[in-house]
Amino acid sequence: MERQERTELILDCAAALFAEKGIAGTTVRDIAGRAGILSGSLYHHFPSKDAMADHIVTQYLGELLAEYERVIDAEHDARGAVSGLVMASTRVSRAHVHASDIYQRETAYLRQLPSHDRIRDAARTIREIWLTVLERGVAAGDLRDDVPVELLYVLIRDAVWLTSRSFSPAPELGIDGLSRSIVTVFLDGATARPDGRNQR
């Protein structure tokens, strides 16, 4: 196995264990055992489990922000931007489901990492992107103004995170279909149209 492949295996095993047991509850020996290598060999790749957690979370946030930037560059109306951000969030969270879980649930531990400032800054940027899109939508009259944008952001964020963790869409729905369903519920509601036809 090439070095890069082994490094990726170690990270995959560490991410799964961190999500299952928590970072504090996982040992280097646990990770090495899951990866099928000796604990000493693991240190040739990472100096500590904190370094692994750092890499897992910052890679996830970096990919999420890169996707968000592409959405912002491409979309100009509120619905398109919200839809794009939800799709980006769902895709990246599905691709890094353990990292997403660690990021959401290990806030206290992540504060102890050397990269905490980078993680905090990325989290702030993510929040600012969402709030800017929602505020522009309200200002343009595309989104209702009687729901605080901060609350709408939290609700959408948690819907994406929870569905990524606990819902497996049918093949015919797919990840993009799941994202469109989330957008539909938040922007159109779950109430059927008076004429009996569903919105598409």
Side-chain angles (χ1 to χ4, degrees), residues 1-69 85-130 153-171 174-176 178-179 182:
M1 182 182 293
E2 296 292 331
R3 180 181 174 82
Q4 183 60 35
E5 292 176 327
R6 191 174 296 280
T7 298
E8 291 174 1
L9 172 63
I10 290 168
L11 287 171
D12 288 344
C13 293
L17 284 165
F18 293 158
E20 291 168 18
K21 303 172 65 173
I23 302 172
T26 302
T27 66
V28 169
R29 181 173 292 181
D30 292 333
I31 299 167
R34 178 74 66 95
I37 62 175
L38 298 174
S39 297
S41 299
L42 190 145
Y43 290 109
H44 293 296
H45 298 267
F46 295 97
S48 66
K49 71 174 182 180
D50 284 0
M52 290 179 243
D54 182 309
H55 185 92
I56 290 163
V57 173
T58 55
Q59 182 183 47
Y60 162 69
L61 292 174
E63 289 189 26
L64 188 60
L65 283 171
E67 289 295 319
Y68 279 9
E69 292 297 335
L85 291 178
V86 168
M87 286 190 177
S89 299
T90 304
R91 287 174 185 159
V92 176
S93 291
R94 287 277 175 167
H96 301 279
V97 64
H98 296 312
S100 175
D101 206 27
I102 295 162
Y103 172 64
Q104 297 289 345
R105 299 173 66 180
E106 293 279 348
T107 304
Y109 196 100
L110 294 177
R111 289 196 190 102
Q112 305 171 33
L113 298 181
S115 65
H116 173 252
D117 288 347
R118 282 189 296 143
I119 294 172
R120 180 198 60 205
D121 291 346
R124 285 179 178 170
T125 302
I126 288 168
R127 177 179 173 277
E128 287 168 4
I129 288 172
W130 268 103
Y153 159 61
V154 170
L155 291 172
I156 296 174
R157 179 199 67 192
D158 288 355
V160 171
W161 177 54
L162 288 170
T163 53
S164 294
R165 289 183 66 230
S166 59
F167 181 76
S168 296
I175 301 302
D176 287 350
L178 173 62
S179 299
I182 292 172

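Only a predicted model underlies this, so the values are computations on that prediction, with no experimental measurement involved.
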Distance check, rounded to the nearest 0.5 Å: [X] atom [atom1] versus [Y] atom [atom2]?
| X | Y | atom1 | atom2 | answer |
| --- | --- | --- | --- | --- |
| Arg29 | Leu38 | CZ | CG | 10.5 Å |
| Ile37 | Leu42 | CD1 | CG | 4.5 Å |
| Glu69 | Thr125 | CD | OG1 | 8.5 Å |
| Thr58 | Leu110 | OG1 | CG | 10.0 Å |

Give me the atom names and distance for the closest heavy-atom approach of [X] to [Y].
| X | Y | answer |
| --- | --- | --- |
| Ser179 | Val86 | O-CG1, 3.7 Å |
| Arg105 | Ala19 | NH1-O, 4.3 Å |
| Ala35 | Ile10 | CB-CG1, 4.4 Å |

Cation-pi between Arg157 and Tyr153: NZ/CZ under 6.0 Å from ring centre and within 45° of the ring axis?
-> yes

Test item: [X] side-chain N/O and [Y] main-chain N/O as donor-acceptor pair under 3.5 Å:
| X | Y | answer |
| --- | --- | --- |
| Thr163 | Val160 | yes |
| Thr26 | Gly22 | yes |
| Asp30 | Thr27 | yes |
| Gln104 | Asp101 | no |

Evaluate the side chain to side chain contact (heavy atoms under 4.5 Å, CB included) criterion for residues Tyr109 and Ile102: first the C-alpha distance (whole Å), next the side-chain angles of each, then the deciding distance (0.1 Å), finally the verdict.
-> CA-CA 10 Å; Tyr109 196 100; Ile102 295 162; over 6 Å; no

Are Arg94 and Leu178 close enough that some pair of their side-chain heavy atoms sits under 4.5 Å apart?
-> yes

For [X], the option from [options] that meets side chain to side chain contact (heavy atoms under 4.5 Å, CB included):
| X | options | value |
| --- | --- | --- |
| His45 | His55, Arg6, Glu8 | Arg6 |
| Ser115 | Asp54, Leu61, Asp121 | Asp54 |
| Phe18 | Glu106, Lys49, His98 | Lys49 |

Distance-only side-chain donor-acceptor flag, His96 / Glu63, under 3.5 Å | yes

Looking just at side-chain N and O atoms, do Ser48 and Tyr43 make a donor-acceptor pair shorter than 3.5 Å?
-> no

Could you walk me through whether Val57 and Leu113 pass side chain to side chain contact (heavy atoms under 4.5 Å, CB included), step by step?
-> CA-CA 11 Å; Val57 173; Leu113 298 181; 5.9 Å; no

Dump the intermediate steps for side chain to side chain contact (heavy atoms under 4.5 Å, CB included) on Ser93 and Tyr103, then the final yes or no.
-> CA-CA 10 Å; Ser93 291; Tyr103 172 64; over 6 Å; no

Take Ser89 and Tyr68 through the side chain to side chain contact (heavy atoms under 4.5 Å, CB included) test and state the conclusion after the steps.
-> CA-CA 8 Å; Ser89 299; Tyr68 279 9; 2.6 Å; yes

